[in-house]
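Presented below is the structure to which this report refers.
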Amino acid sequence: MDNKESVSGSVSLMKSLMEEGTDTVFGYPGGQIIPVFDALFDYRQKLKHILVRHEQGAVHAAQGYSRASGKTGVVLVTSGPGATNTVTGIADAMIDSTPIVVITGQVVSPLLGTDAFQEVDIVGISQPVTKWSYQVRRADEIAWAVAQAFYIASSGRPGPVLLDFTKDAQVAMTNHHYEKCTSIRSYLPVPKIDRNSVWQAAELINSAQKPLALVGQGVEIGRAEQELIEFLEKAQIPAAWTLLGASVMPFDHPLNKGMLGMHGNLAPNLKTNECDVLVAIGMRFDDRVIGDVNSYATQAKIIHFDIDPAEVGKNVDVDVPVLGDVKETLPAVAKLLRQADHDDWIESFNTVNGEEYDKVIVNEIYCQGEHIAMGEAVRIVSEKTDNSAIIVTDVGQNQMMAARYSKRRFPRSFISSGGLGTMGFGLPAAIGAKIARPDRTVCLFCGDGGIQMCIQELGTVMQSNVKIKIIVLNNRYLGMVRQWQEMFFNKRYSETPMLNPDFVKIADAYRIKGRKVTKREELEEAVAEMLEHNGAYLLVVDVEKKGMVLPMIPPGMDASNIIMEK
């Protein structure tokens, strides 16, 4: 039976999105995408559109939606500046492996290359930061292009895809017929498992006396959290996590030994250079984790589980690569593992982390100083949500403090801009996360600098009634840059002090309830009020102006150079 239907290209796009299970689109209309928004008018019951206030916000919201739900986020914007405004978010999604499909409008085909009003080569601009960019010039291509886009975005190592629709493709008629894409010639998103590598990995782990696992977001992307726990428990391997792997393991699991990296926990950073077998799982050996590559884990045999062959050996030499979907490769290796006893090795982490607790943590989260500490505010919010909220962060000191001092019980509970470090990410990403998971409390931690990067998205919160909880950790500085200036640039605070507006009044202008806290004795009650309020809430917490995120490994150095105190 022929199920083809004659419709406009714009309607074909709507039908194609619904075939892929899309229920939410983040966007902003404009001249060259009007036909698509006109078609959307008739599908509002099935396709919810969230009107953002800036196209960058649309992409970050789609990222938050995707990271919270595991689905592919969708963005819909116009040509020219509308399209170019998405590029930062697209680059962020690329480096953090977030599946999104960005749909841009374009001038009619006869005007391409003429410098027509709001024409820009967005395909050329976006190619370096997408998995695939394609320009649709005919309505007959739309169903095919959308199917390809969703498959490419979500398969293998996920990432962003951009589809640029000329206006004539949007208005022309086509016989709509949709078939989901399940394969593309020459594109192999999941490498075939090498059984010899599986055996070699198991042999190394079985012979290890001091194994250590480094766990990244790849486990979350692969939905392999349970497989990871079973793997670690069988071989009694302590594990540490990257920033984006912060919610892969429950915070209270006995094998969870904390965060890696420049501002990570003391024990996992030091033990990286003590272990005899290092097992990297779904992480990419980022420079903020490895520091000085020449002295990184030189004593250890390294096993690397990853779906992307390009990451293996890119930054660190690997003894055994285990390529494939981690949901399959972890159980394959686990079958060959022997039950192990590494109690003394595991306990050694607790001893070192105890040193960090005494020197750094207790003073940060139970601060007795004159001013509220960032970590103190993060701890109280986490405790008041029973450590069950989705934590979203902006970038900077607020990000590191939220990662270190909030606690996560469930997967997909920590959303942050990792590889690109995009200030302004937090607010729109929190909007997307809450829309994806209305059943979860979503708490956003941001600094006074980051909140102002995309502060206009408070209008999206207002219009779409997004009940997020926003905590502005206000130190009146660009805090992380100031910290580097204090530590490495002789306290020359060049252009980092911030003169800020009244954030509570701004929230009130957007009909969002707000409050400012300056005294420690007010903080717990204010957090409780924020969480109990049935709606969006902006809580400004004035914190210590020159607080430091410690420990810190100076850039380009190894863990032996870690700084513990001011």
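Position 1 is the first residue of the sequence, and the numbers go up from there.
Remark: Lys210 pairs with no residue by the salt bridge (charged side-chain N to carboxylate O under 4.0 Å, His left out) rule, at least two apart or across chains. When the side-chain contact (heavy atoms from CB on, under 4.5 Å) test is applied to Gln226, the partners found at least two apart in sequence or on another chain are Glu230. With sequence neighbours excluded, the residues that form a side-chain contact (heavy atoms from CB on, under 4.5 Å) with Ala208 are Pro211, Asp276, Val277. Residues passing the side-chain contact (heavy atoms from CB on, under 4.5 Å) test with Ser207, sequence neighbours excluded: none. For Ser133, the side-chain hydrogen bond (donor to acceptor under 3.5 Å, both in side chains) criterion is met by Ser126, Thr130, not counting sequence neighbours. Among residues two or more places apart in sequence or in another chain, the side-chain contact (heavy atoms from CB on, under 4.5 Å) test is passed with Ala58 by Phe26, Val52, Val75.
Sorted by first and then second residue, the salt bridge (Lys or Arg N to Asp or Glu O under 4.0 Å) pairs with a member in residues 423-437 read Arg437-Asp439; sequence neighbours excluded. Residue pairs meeting the salt bridge (Lys or Arg N to Asp or Glu O under 4.0 Å) criterion with at least one member in residues 91-102: none, sequence neighbours excluded. Residue pairs meeting the salt bridge (Lys or Arg N to Asp or Glu O under 4.0 Å) criterion with at least one partner in residues 62-78, sequence neighbours excluded, are Asp23-Lys71. Among residue pairs with one or both ends in residues 187-203, none qualify as salt bridge (Lys or Arg N to Asp or Glu O under 4.0 Å); sequence neighbours excluded.
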Ignoring hydrogens and angles, write down the donor-acceptor pairs under 3.5 Å from the side chains of residues 135-146, residues two or more places apart or on other chains.
residue: Gln135; atom: OE1; partner: Arg137; partner atom: NE; Å: 2.8
residue: Gln135; atom: OE1; partner: Arg137; partner atom: NH2; Å: 3.1
residue: Gln135; atom: NE2; partner: Asp164; partner atom: OD2; Å: 2.9
residue: Asp140; atom: OD1; partner: Thr174; partner atom: OG1; Å: 2.7
residue: Glu141; atom: OE1; partner: Arg137; partner atom: N; Å: 3.1
residue: Glu141; atom: OE1; partner: Arg138; partner atom: N; Å: 3.3
residue: Glu141; atom: OE2; partner: Tyr134; partner atom: OH; Å: 2.3

Please tabulate, for the side chains in residues 311-320, all donor-acceptor contacts under 3.5 angstrom to protein atoms that are two or more places apart in sequence or on a different chain.
residue: Glu311; atom: OE1; partner: Lys314; partner atom: NZ; Å: 3.1
residue: Glu311; atom: OE2; partner: Arg157; partner atom: NH1; Å: 2.7
residue: Glu311; atom: OE2; partner: Lys314; partner atom: NZ; Å: 3.1
residue: Asn315; atom: ND2; partner: Arg284; partner atom: O; Å: 3.4
residue: Asn315; atom: ND2; partner: Phe285; partner atom: O; Å: 3.0
residue: Asp319; atom: OD2; partner: Ile302; partner atom: N; Å: 2.8

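Closest approach of Tyr187 and Ser155 over heavy atoms only: OH-OG, 2.7 Å. Across Gly426 and Asp394, no two heavy atoms sit closer than the pair N-OD1, 2.9 Å.
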Exercise for review: Assess whether salt bridge (charged side-chain N to carboxylate O under 4.0 Å, His left out) is satisfied between Glu457 and Arg53, documenting all intermediate values.
Suggested key: CA-CA 6 Å; Glu457 298 308 329; Arg53 297 305 187 262; 5.9 Å; no
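Figure legend: cation-pi geometry between Arg44 and Phe41, with NZ or CZ positioned under 6.0 Å from the six-membered ring centre and within 45° of its axis.
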